[in-house]
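Below is one structure; the comments refer to it alone.
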Amino acid sequence: MKFSEQIIKWYRYNSRDLPWRKTSDPYLIWISEVVLQQTRVDQGLAYYNRLVERFPNVHLLAAASEDELLKLWQGLGYYTRARNMHAAARKIVSEHGGNFPATYEEIIKLPGIGEYTASAIASFAFNLSHPVVDGNVMRVLSRFLGIDTPINTTEGKKQLSAYAHKFINRENPGEHNQAIMEFGALHCTPRNPLCDKCPLKYECRAFQTDKVNDLPVKLKTRSQQERYFHYLVVRINNASGPEVILRKRSEKGIWKNLYDFPLIEDKAFRSQQQLKETTTWKNMFSLDEIKQMKTSKVYSHQLSHQLIKARFQLIVLSGLSKQFNGYQVVKNKDVHNYPVPRLIDQFMTDYAHWLE
DNA sequence: AATCCGGGGCT
DNA sequence: AGCCCAGGATT
């Protein structure tokens with residue numbers, strides 16, 4: 001039996017019951033694929049369900065505000081996905097009359113859709129013969145074929161993509177693609193793969209040469225850097241109710257277009273006196289208008305390429321005496337409507353009484 | 001071709 | 001404490 005037939009046979013007995021597998025609507029499949037980029041099914045499933053409930057079709061997604069979409073995306077990470085998804089929805093409405101493009105070449109032109117996602121949509125929704133090459137596929141093929149070219153290099157991806165094109169089942173590309181990914185996710189796993197009961201073990205190069213635990217090869221990534229954040233939680237006790245200053249992160253870097261607080265970053269934690277001498281501080285306050293200050297515990301927030309250590313400084317002002325350029329003054333009861341990074345969300349949960 | 005972009009779960 | 005995840009955009 002050929003590779004594809006064996007994988008599909010395995011899939012029909014072992015596949016999970018997932019909502020995006022019950023539809024051929026390219027819009028719903030697209031949403032699921034973007035959610036699942038670099039994200040495990042278990043983590044993305046609830047987000048997918050909330051997204052398609054709120055935006056059951058591309059017109060509703062295109063009509064939404066970016067803030068609302070980011071709020072639904074909050075906590076999932078890689079927020080560029082949400083912004084690109086929003087832009088793509090508007091493009092589908094304006095340039096395709098709301099009909100999802102039906103060829104690989106048109107699909108891949110949409111923002112946030114690369115080779116993997118275009119192949120996934122083309123094969124799942126339109127049964128077009130384009131192989132998906134994701135982390136699962138690269139692991140399965142590198143083991144099955146005994147390929148030790150590092151898969152996080154252009155060369156390795158090119159090599160495995162060529163084999164994926166050879167192996168694709170032209171009669172049943174959609175199920176073939178689902179099957180090989182599911183096989184990688186459930187059976188040919190990164191650690192402790194189920195080789196003993198693997199239907200491919202007699203043909204698997206890695207198993208036959210005892211190299212399963214050495215494949216796929218990956219080059220080491222460089223280590224992360226540490227950053228120190230001093231967040232200024234500026235509370236303004238106005239007659240109309242308490243307010244707080246938020247900032248939209250519009251510059252480059254992490255958490256673009258999410259909201260946080262005024263920030264003083266340095267190479268280490270600084271004392272309160274040192275913070276008062278920074279230009280960020282001086283531009284916001286004069287000393288006599290501060291009524292109260294408190295300091296939070298230290299948060300350690302681990303990202304893929306950086307470790308952020310953050311402290312939150314509560315600063316209570318009795319009333320608004322000047323403009324805060326580049327910032328937004330928001331009523332405390334409305335803060336929960338703004339999309340914020342996980343770190344900010346955790347702080348606001350722990351120190352909810354600061355913002356009551 | 002290398003680097004950046006989140007957050008969570010697993011070992 | 002690393003590694004990995006239904007990757008894509010940017011440099």
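Because only heavy atoms are used, hydrogens play no part in the values below, and waters and symmetry mates are left out as well, while side chains stay in. All figures in this text were calculated on a predicted structure; none of them were measured in a lab. So that the names make sense, note that chain A is the first sequence line, chain B the second, and so on, each numbered from 1.
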What residues form a side-chain hydrogen bond (donor to acceptor under 3.5 Å, both in side chains) with A/Glu155, not counting sequence neighbours?
-> none
Within residues 165-189 of chain A, the residues having a heavy atom closer than 4.0 Å to DNA chain C are A/Gln178, A/Met181, A/Glu182
Under 3.5 Å, side-chain donor or acceptor atoms of residues 40-52 of chain A against the rest of the protein: list the pairs with distances, not counting sequence neighbours.
unit_1	atom_1	unit_2	atom_2	d
A/Tyr47	OH	A/Gln74	O	2.9
A/Asn49	ND2	A/Leu45	O	3.4

Pairs under 3.5 angstrom only: tabulate donor-acceptor contacts from the side chains of residues 191-208 of chain A to other protein residues two or more places apart or in another chain.
unit_1	atom_1	unit_2	atom_2	d
A/Lys201	NZ	A/Asp196	O	2.8
A/Gln208	NE2	A/Lys201	O	2.8

Which of residues 252-265 of chain A have a heavy atom under 4.0 Å from DNA chain B?
-> A/Gly253, A/Ile254, A/Trp255
Stretch residues 30-38 of chain A: residues that reach within less than 4.0 Å of DNA chain C through a heavy atom = A/Glu33, A/Leu36, A/Gln37, A/Gln38
5' precedence on DNA chain B between A/Leu76 and A/Leu219 (nearest-nucleotide basis) | A/Leu219
Tell me, please, which residues at least two apart from A/Glu5 pass salt bridge (Lys or Arg N to Asp or Glu O under 4.0 Å).
-> none
Which is the 5'-most and which the 3'-most nucleotide of DNA chain C that has an atom under 4.0 Å from a heavy atom of chain A?
-> C/dC4 to C/dT11
Output a table of nitrogen or oxygen pairs between the protein and nucleotides 8-11 of chain B separated by less than 3.5 Å.
unit_1	atom_1	unit_2	atom_2	d
B/dG8	OP1	A/Arg342	NE	2.4
B/dG8	OP1	A/Arg342	NH2	3.4
B/dG8	N2	A/Arg40	NH1	2.4

Got a list of side-chain donor-acceptor pairs under 3.5 Å for residues 337-345 of chain A, not counting sequence neighbours?
none

Share the residues that join A/Val298 in a hydrophobic cluster, the rule being Ile, Leu, Val, Met, Phe, Trp or Tyr side chains under 4.5 Å apart at the heavy-atom level.
-> A/Tyr228, A/Phe269
Pairs under 3.5 angstrom only: tabulate donor-acceptor contacts from the side chains of residues 108-136 of chain A to other protein residues two or more places apart or in another chain.
unit_1	atom_1	unit_2	atom_2	d
A/Lys109	NZ	A/Glu106	OE2	3.1
A/Tyr116	OH	A/Glu33	OE1	2.7
A/Thr117	OG1	A/Gln37	NE2	3.0
A/Ser119	OG	A/Glu115	O	2.9
A/Ser119	OG	A/Pro131	O	3.4
A/Ser123	OG	A/Ser119	O	2.9
A/Ser123	OG	A/Ala120	O	3.2
A/Ser123	OG	A/Asn177	ND2	3.0
A/Asp134	OD1	A/Asn136	N	3.2
A/Asp134	OD1	A/Val137	N	2.9
A/Asp134	OD2	A/Asn136	ND2	3.2
A/Asn136	OD1	A/Arg139	NH2	2.8
A/Asn136	OD1	A/Ala185	N	3.4

Distance in angstrom units between A/Leu307 CG and B/dG7 C1', rounded | 14 Å
